[in-house]
Amino acid sequence: MITTTHNNHNKKRVIFANQLQTTKSTTNIMEYNFREIEPKWQQEWKEHKTYQVEIDPSRPKFYVLDMFPYPSGAGLHVGHPLGYIASDIYSRYKRLCGFNVLHPMGYDAFGLPAEQYAIQTGQHPAVTTTQNINRYREQLDKIGFSFDWNREVRTCDPAYYKWTQWAFLKMFGHYYNNKTDKAEPIEKLIAHFEKQGTEGVDAACTNQMRFSAADWAAMDEKQREEVLQNYRLAFRADTMVNWCPKLGTVLANDEVKDGLSVRGGYPVEQKRMKQWLLRVTAYAQRLLDGLERLAWSDSLKEIQRNWIGRSEGAQVFFNIKGSDKKLEIFTTRPDTIFGVTFMVIAPEHEWIDELTTPEHKQEIEEYVAQTKKRSERERIAETKRVSGAFTGSYAVNPFTDKEIPIYVSDYVLAGYGTGAIMAVPAHDSRDYAFARHFNLPIIPVVEGGDLSVESYDAKSGKLINSDFIDGLDVKEAIQVMFTEIERRGLGKKRINYRLRDAIFSRQRYWGEPFPIYYKDDIAYPLSEDKLPLELPPIENFGPTEQGEPPLARVHNWATPEGYPYELSTMPGFAGSSAYYLRYMDPHNDQALVSKEADEYWRNVDLYVGGIEHATGHLMYSRFWNKFLFDLGYVVEDEPFKKLVNQGMIQGRSNFVYRIVGTNKFVSLGLKDQYETQEIHVDVNIVKNDLLNLDAFRAWRPEFAEAEFILEDGKYVCGWAIEKMSKSMYNVVNPDYIVENYGADTLRMYEMFLGPLEQSKPWDTNGIDGVHKFLRRFWRLFYNRDGMLNLSEGKATAAELKTLHKTIKKVREDIENFSFNTSVSAFMICLNELGECNKREILEPLTVLLSPFVPHITEELWQTALGHTDTIFDTRFPEYDEHYLVENSFAYPISFNGKVRFKKELPLGVPNEELEKQVLADSNTARYLDGKTPRKVIVVPGKIINIVI
RNA sequence: GCGGAUAUGGUGUAAUUGGUAGCCACGUCAGACUUAGGAUCUGAUGCCGAAAGGCGUGGGGGUUCGAGUCCCUUUAUCCGCACCA
């Protein structure tokens with residue numbers, strides 16, 4: 001049936017959540033009234049400081065941490081609390097299991113958006129940040145989290161960033177000793193220089209240095225400081241940086257994606273600038289090794305491994321014809337050295353001028369100038385394009401003594417290895433493309449492949465044309481060459497990492513100031529007792545006309561003696577790198593964390609957060625923690641034992657279809673009969689993909705006179721999964737859900753939506769199912785007239801079985817973070833219990849449910865069940881396997897109620913081990929024929945019969 | 001290009017980890033109660049078929065008594081890295 005309706009003519013009414021509650025709540029006052037219950041308990045928890053925790057050596061600790069939010073102006077949407085709800089359920093569960101649970105929350109409050117907003121509006125970032133924090137807090141409070149707010153931290157609070165600055169000073173004052181494999185005071189290195197110069201020093205550094213004690217003695221202060229900057233763990237260096245002109249600041253590698261800034265999406269270019277850096281690379285191997293011991297997902301560990309990018313290879317020196325210099329290269333394939341037919345150096349290579357002969361000078365200069373002009377983005381886009389130029393110089397292959405030409409090309413990166421390579425076109429696709437383009441010889445040294453078409457890059461095969469390694473397999477040959485290269489003194493075995501040192505300065509205002517001042521252009525650390533160095537107030541937040549950072553606008557931004565402070569500020573990851581330590585002892589003004597607090601709380605047992613921090617925060621935190629560990633300030637060398645990545649919640653957008661050039665809208669099923677235009681419609685005026693016509697007319701003035709072509713009297717909307725954003729009108733606000741369904745329904749529904757780690761769209765359709773569950777649960781305690789309905793009768797075996805089955809399932813599910821299936825378990829439990837209103841069943845069930853839905857359970861606990869203590873003073877229910885035994889047959893606890901087989905077990909004997917054995921054996925034995933018992937398993941002392 | 005993950009009804013998902021695929025919900029349909037239903041309750045609902053029955057976990061192949069699950073291959077989507085020598 002197709003009907004065209006006009007204003008108010010649609011007879012059939014459509015159901016909407018926002019209309020639904022208003023009438024219903026008046027019908028029965030003793031229905032489950034979440035609007036009353038939830039604020040009541042939230043107030044109660046607040047007043048009694050229910051979730052405040054202290055060190056308690058008599059109880060085991062458990063530390064559950066969420067990645068603290070950046071308080072953006074948009075507030076929370078329904079996706080943000082997902083991880084918080086999961087961690088809250090886990091915290092409450094652990095607390096009920098008897099752990100002393102630390103579950104704090106705070107704000108990552110420094111950052112770009114607040115500053116961008118300040119530049120536009122002149123509003124101080126501190127003001128907007130505080131407003132946003134207040135809004136966040138309000139929204140969070142409504143959901144009923146068990147955070148210990150007494151421990152709240154804000155990264156922009158001077159009392160907090162004092163310790164960020166403190167850690168920076170410690171890094172400035174330390175270097176990494178490779179021999180002891182830890183950070184040590186820089187004074188120790190200075191003492192060594194005074195005695196022996198660089199002789200015997202094996203330390204992480206920017207450039208390898210070589211000088212004697214006498215050289216050191218002869219240096220002035222500035223020269224010495226330059227040397228030390230080469231070793232300090234926080235140091236200043238002239239380096240290629242990702243410069244974002246639009247944001248007016250440099251960015252770290254993990255803040256750039258595809259040549260664009262992650263925040264804002266502005267183009268990023270490469271620029272040489274003097275910047276502060278953290279020597280993260282010193283910890284590359286330990287960051288890699290540490291992953292083995294962490295209970296993180298394999299995919300996340302793999303991302304970190306790739307980011308660290310360890311590769312084993314050899315450093316080899318090639319003689320340069322007509323020079324006493326040797327060109328150093330790095331290769332992971334020393335076995336292919338007989339196939340080297342040319343060399344390539346990066347355009348930024350420091351010897352480029354020396355290597356260029358006069359007749360090639362112009363060509364090379366042009367090439368270098370041209371590559372400089374290309375932005376990072378263009379270089380990425382033109383990856384396939386082969387370009388380069390010949391320097392005119394030749395190197396000598398140390399194994400064949402053949403002269404081979406040296407080229408310059410931008411496919412060789414200055415920042416990796418030595419910025420120079422030996423090219424083996426037969427077995428490296430990039431070298432191959434280059435050789436083809438410049439007509440260079442290609443010598444196969446590994447059997448296999450068809451070199452007329454492409455290079456043969458495989459890491460297996462037999463060596464040929466390679467003198468003494470002929471006939472060996474690639475893997476053997478590599479090992480032979482390592483020893484041969486070292487024996488001949490041509491170079492050494494070496495490990496290279498893709499990981500780069502972290503650029504630590506930002507040319508911004510809204511961040512931690514560096515506790516550094518300058519005297520004669522030498523950087524000096526502020527003494528620790530002067531911390532915190534507070535961020536001075538300013539009024540204009542943009543860069544100066546000279547392009548200096550905003551802090552240059554501050555008069556007297558200098559020490560009392562008049563020495564100027566550093567003008568840049570620290571990046572976002574500075575404040576988040578050690579916040580988990582600060583939560584342990586947030587009010588301590590003598591230390592980042594006291595010895596006592598650190599030794600009790602140690603590190604984070606469970607960390608819940610998004611995977612987007614894989615190469616940023618999660619890497620920097622580990623580095624930061626390892627550094628503090630080396631110095632003895634913390635007892636654990638990894639900060640986050642277990643990590644769970646919650647998936648992103650996407651938006652589910654709805655569409656209406658306007659017939660082009662009219663104000664008529666056609667329902668989804670009929671839209672193909674017209675020429676239509678797809679328009680996003682606010683998901684809050686759509687339910688179950690049916691449009692609320694009146695709400696649509698009221699939504700925007702231009703739709704006030706809208707007409708509709710309906711199917712079966714309904715307007716069906718189209719839908720699509722997109723990012724949750726204002727412009728798609730698909731943002732669902734948790735406040736709205738809390739108002740209409742309650743926080744408990746929101747909490748449970750977010751978990752019910754699907755596996756925690758999976759990305760999934762938010763879809764308010766379906767929330768009724770969860771809400772209905774809570775109402776039915778309520779009605780087991782109170783009847784329709786609001787009368788207490790609880791029975792003291794004895795539970796039947798079937799009821800007990802249901803209860804214990806559910807306890808077991810929920811327990812396992814919580815431990816495995818499979819919250820969606822535990823919600824299902826509750827629903828099944830309720831279906832099975834029917835009208836059962838026995839205290840014996842409902843009391844444990846209430847406790848079991850409480851981590852998920854704390855408000856309703858607390859209310860029932862104290863009113864219907866008549867307890868005076870809060871639910872959190874009780875223990876999480878234990879299940880009892882004996883209840884599963886019937887007629888001398890034990891049912892393996894098959895959750896969905898199906899019994900696949902029965903096995904005879906001795907009653908009254910704990911039988912977990914026995915069950916395991918039976919299960920292990922029966923899997924192979926069960927279905928050999930059809931129906932009869934067919935296998936007898938003899939377990940020492942017992943005979944077990946398997947029956948189908 | 002390399003590495004990782006995922007793919008199951010109209011929808012979100014589940015599956016004792018190799019053992020009756022589709023639990024639990026949403027939606028839909030039918031019914032009960034009701035002034036009303038947008039409350040509540042009951043039943044049906046993977047697909048084809050009147051039924052018997054057949055088909056069915058992205059496609060193809062394999063291992064196995066038995067495969068959503070393991071192996072090979074292929075396609076699609078998502079994520080990470082990307083000239084890393």
Side-chain angles (χ1 to χ4, degrees), chain A residues 13-17 19-24 27-28 31 257-258 297-307 309-311 313 329-333 336 344 346 379-380 382-386 409-413 415-424 427-431 433-434 457 496-499 611-612 614-615 648 652 687-689 719 749 752-755 757-761 763-770 772-773 775-776 779 784 809 818 820-821 823-831 892-901 919 922-929 948:
Chain A
R13 302 210 44 200
V14 190
I15 314 153
F16 304 100
Q19 301 169 355
L20 187 140
Q21 292 300 332
T22 47
T23 47
K24 197 182 59 196
T27 54
N28 191 335
E31 279 274 281
K257 203 178 142 66
D258 299 330
S297 72
D298 290 336
S299 60
L300 179 54
K301 287 199 219 176
E302 199 56 32
I303 290 173
Q304 288 216 341
R305 275 189 207 108
N306 291 341
W307 187 261
R310 182 187 203 267
S311 61
I329 60 99
F330 173 77
T331 180
T332 54
R333 293 292 302 276
T336 61
V344 187
R379 266 174 90 152
I380 291 166
E382 296 171 13
T383 299
K384 291 278 171 281
R385 206 186 72 179
V386 178
S409 174
D410 65 0
Y411 83 87
V412 173
L413 304 174
Y416 184 79
T418 61
I421 61 153
M422 63 177 213
V424 186
H427 305 292
D428 182 290
S429 55
R430 295 151 303 172
D431 297 345
F434 195 84
D457 295 13
N496 249 312
Y497 299 93
R498 203 193 69 96
L499 185 73
I611 196 146
E612 65 272 18
T615 55
M648 288 251 282
R652 188 179 187 279
K687 177 155 183 179
N688 289 335
D689 292 335
W719 61 273
Y749 186 57
F752 184 66
L753 221 45
E757 309 206 4
Q758 192 175 300
S759 283
K760 56 223 166 225
D763 185 357
T764 308
N765 300 339
I767 198 167
D768 285 337
V770 167
K772 213 188 295 183
F773 165 82
R775 284 207 306 265
R776 280 175 60 200
R779 209 165 301 123
R784 280 160 187 279
K809 172 74 174 163
S818 180
N820 56 325
T821 52
V823 175
S824 295
F826 285 123
M827 293 181 174
I828 293 167
C829 178
L830 212 59
N831 287 346
I893 303 162
S894 158
F895 177 65
N896 56 17
K898 288 184 182 173
V899 178
R900 291 258 159 74
F901 63 94
L919 281 170
S922 59
N923 271 345
T924 54
R926 249 179 290 170
Y927 285 87
L928 289 179
D929 69 44
I948 293 187

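Predicted, not measured: the structure shown is a model, and the values here were computed from it. Throughout, a chain's letter reflects where its sequence line sits, starting with A, and its residues are numbered from 1. For the numbers below, each heavy atom of this structure counts, side chains included, while hydrogens, waters and symmetry mates do not.
- Atom CG of A:D298 has 12 or fewer heavy atoms from other residues, nucleotides or ligands within 6.0 Å.
- Taking atom CD1 of A:I303 as the reference point, atom C1' of B:G3 lies 10 Å away to the nearest angstrom.
- Contact annotation for A:R776: backbone-only contact, meaning every heavy-atom pair under 4.0 Å involves sugar-phosphate atoms and none involves a base.
- Remark: the separation of the C1' atoms in B:G22 and B:U73 is 28 Å, to the nearest Å.
- For B:A25, neither phosphate oxygen OP1 nor OP2 lies less than 4.0 angstrom from any side-chain nitrogen or oxygen of A:N820.
- The C1' atoms of B:G80 and B:G62 are separated by 32 Å, rounded to the nearest whole Å.
- The partner of B:A50 cannot be assigned: no Watson-Crick or G-U wobble pair with both contacts below 3.5 Å exists in any strand.
- Glycosidic conformation, B:G61: anti, with the torsion outside 90° of 0.
- Across all strands shown, B:G68 remains unpaired; no Watson-Crick or G-U wobble contact has both distances below 3.5 Å.
- B:U63 and B:U69: their C1' atoms are spaced 14 Å apart (whole Å).
- In terms of position on RNA chain B, the residue among A:W307 and A:M422 whose nearest nucleotide sits closer to the 5' end is A:W307.
- In this structure, A:D431 contributes its side chain and A:V424 its backbone to a donor-acceptor pair below 3.5 Å.
- In terms of modelled atom types and a separation under 3.5 Å, the side chain of A:T332 and the main chain of A:G313 share no donor-acceptor contact.
- Within the nucleic acid shown, A:P755 comes within 4.0 Å of sugar-phosphate atoms alone, with no base atom in reach, counting heavy atoms only.
- Taking OG from A:S311 and OH from A:Y416, the interatomic distance works out to 2.5 Å, rounded to the nearest 0.5 Å.
- A donor-acceptor contact shorter than 3.5 Å links the side chain of A:D457 to the backbone of A:S429.
- For the C1' atoms, the distance linking B:U77 with B:A25 amounts to 26 Å, nearest Å.
- Look at CG on A:N306: it is 17 Å from P on B:C79, rounded to the nearest Å.
- The partner of B:C2 is B:G80, judged by Watson-Crick or G-U wobble contacts that both fall below 3.5 Å.
- Contact between the side-chain N/O atoms of A:S429 and the OP1/OP2 oxygens of B:C83 is not found at any separation under 4.0 Å.
- Figure legend. B:U63 is base-paired to no nucleotide; pairs are counted as Watson-Crick or G-U wobble with both atom distances under 3.5 Å.
- With rounding to whole Å, A:Y416 atom OH is found 13 Å from B:C81 atom C1'.
- Distance noted for atom C1' between B:C47 and B:G9: 8 Å (whole Å).
- Look at the P atom in both B:U45 and B:C26: the space between them is 16 Å, to the nearest Å.
- By the 4.5 Å heavy-atom criterion applied to side chains, A:Y749 and A:T764 are not counted as neighbours.
- Nucleotides B:G31 and B:U17 have their P atoms positioned 44 Å apart, rounded to a whole Å.
- Rounded to whole angstrom, the span from the CD atom of A:Q758 across to the C1' atom of B:U77 amounts to 13 Å.
- The side chain of A:E302 lies closest to B:G3 when the candidates are B:U40, B:G3, B:A85.
- Of all nucleotides listed (B:G4, B:U40, B:A85), B:U40 comes nearest to the side chain of A:R775.
- If you take CZ of A:F773 and C1' of B:A25, they are 12 Å apart, rounded to a whole angstrom.
- A:K809 contributes no side-chain N or O that, together with a main-chain N or O of A:T821, makes up a donor-acceptor pair within less than 3.5 Å.
- Contact annotation: A:R498 side-chain N/O to B:A82 OP1/OP2 distance is under 4.0 Å.
- Anti is the conformation of B:U40, whose glycosidic angle sits further than 90° from 0.
- Distances shorter than 4.0 Å separate some side-chain N or O of A:K772 from OP1 or OP2 on B:C26.
- Residue A:N496 is classed as having no contact, given no heavy-atom separation below 4.0 Å to the nucleic acid.
- Using atom P as the reference point in both B:C33 and B:U28, the two lie 22 Å apart (nearest Å).
- Residue-to-nucleotide proximity on RNA chain B shows that, of A:G417 and A:L753, the 5′-proximal contact is made by A:L753.
- Candidate nucleotides B:U40, B:A85, B:C24 were compared by shortest atom distance to the side chain of A:N831, and B:C24 ranks first.
- Remark: P of B:C81 and CG of A:L413 are 16 Å apart, rounded to the nearest angstrom.
- The base-pairing partner of B:A32, taking Watson-Crick or G-U wobble contacts with both distances under 3.5 Å, is B:U40.
- The distance from atom OG of A:S299 to atom CD of A:Q304, rounded to the nearest 0.5 Å, is 11.0 Å.
- Contact check, A:Y411 against B:A85: no side-chain N or O comes under 4.0 Å of OP1 or OP2.
- When the nucleotides B:A85, B:U40, B:C83 are ranked by their closest atom to the side chain of A:D410, B:C83 comes out on top.
- One interatomic measurement links the two molecules: CD1 of A:I611 to P of B:G3, which rounds to 19 Å at whole-angstrom precision.
- Remark: B:U45 base-pairs with B:G27. Criterion, Watson-Crick or G-U wobble with two distances under 3.5 Å.
- The distance between atom CZ of A:R652 and atom P of B:G10, rounded to the nearest whole Å, is 16 Å.
- Within the nucleic acid shown, A:F752 comes within 4.0 Å of at least one base atom, counting heavy atoms only.
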